[in-house]
Amino acid sequence: MSKVIDALSVLLVLGAISAFAVGVVALGERRDLVALYWLAIGGLVLRSAVELLRPRPSAR
């Protein structure tokens with residue numbers, strides 16, 4: 001199960017990198033609203049990847 005979570009986290013990081021790249025391209029084309037959307041999506045996906053790998057306290 002741990003390897004599946006690691007693989008999913010890597011896919012999420014790659015997705016975040018892609019979203020950031022699309023956002024930067026949109027900034028270069030002066031499409032501010034589109035850029036803001038993709039940069040926000042990239043941030044949320046990156047946060048999801050980090051939360052997925054963060055160790056959780058064990059239940060008592």
Note to self: Strictly distance-based, threshold 3.5 Å: is any side-chain N or O of S9 a donor or acceptor partner for the main-chain N or O of I5?
What the structure shows: no

Checklist line | Hydrophobic cluster identity match, V45 and V22, side-chain contacts under 4.5 Å | finding: yes

Note to self: Here's a test for you: under side-chain contact (heavy atoms from CB on, under 4.5 Å), which of L11, I17, V10 qualifies with V13?
What the structure shows: I17

Next item on the list: Would you list the pairs meeting salt bridge (Lys or Arg N to Asp or Glu O under 4.0 Å) in which at least one residue belongs to residues 37-51, sequence neighbours left out?
Entry: E51-R54

Notebook entry, point to check: Which residue pairs pass the salt bridge (Lys or Arg N to Asp or Glu O under 4.0 Å) test when at least one of the two sits in residues 1-19, sequence neighbours left out?
Noted result: none

Next item on the list: Would you give the length of the straight line joining atom CZ of R31 to atom OH of Y37, rounded to the nearest 0.5 angstrom?
Entry: 13.0 Å

Next item on the list: Rounded to the nearest 0.5 Å, what's the gap from OG on S18 to CD1 on I41? Could you check?
Entry: 13.0 Å

Item checked: Side chain proximity check, L12 to L46, heavy atoms < 4.5 angstrom -> no

Notebook entry, point to check: Can you name the residues that form a side chain to side chain contact (heavy atoms under 4.5 Å, CB included) with L27, not counting sequence neighbours?
Noted result: D32, A35, L39

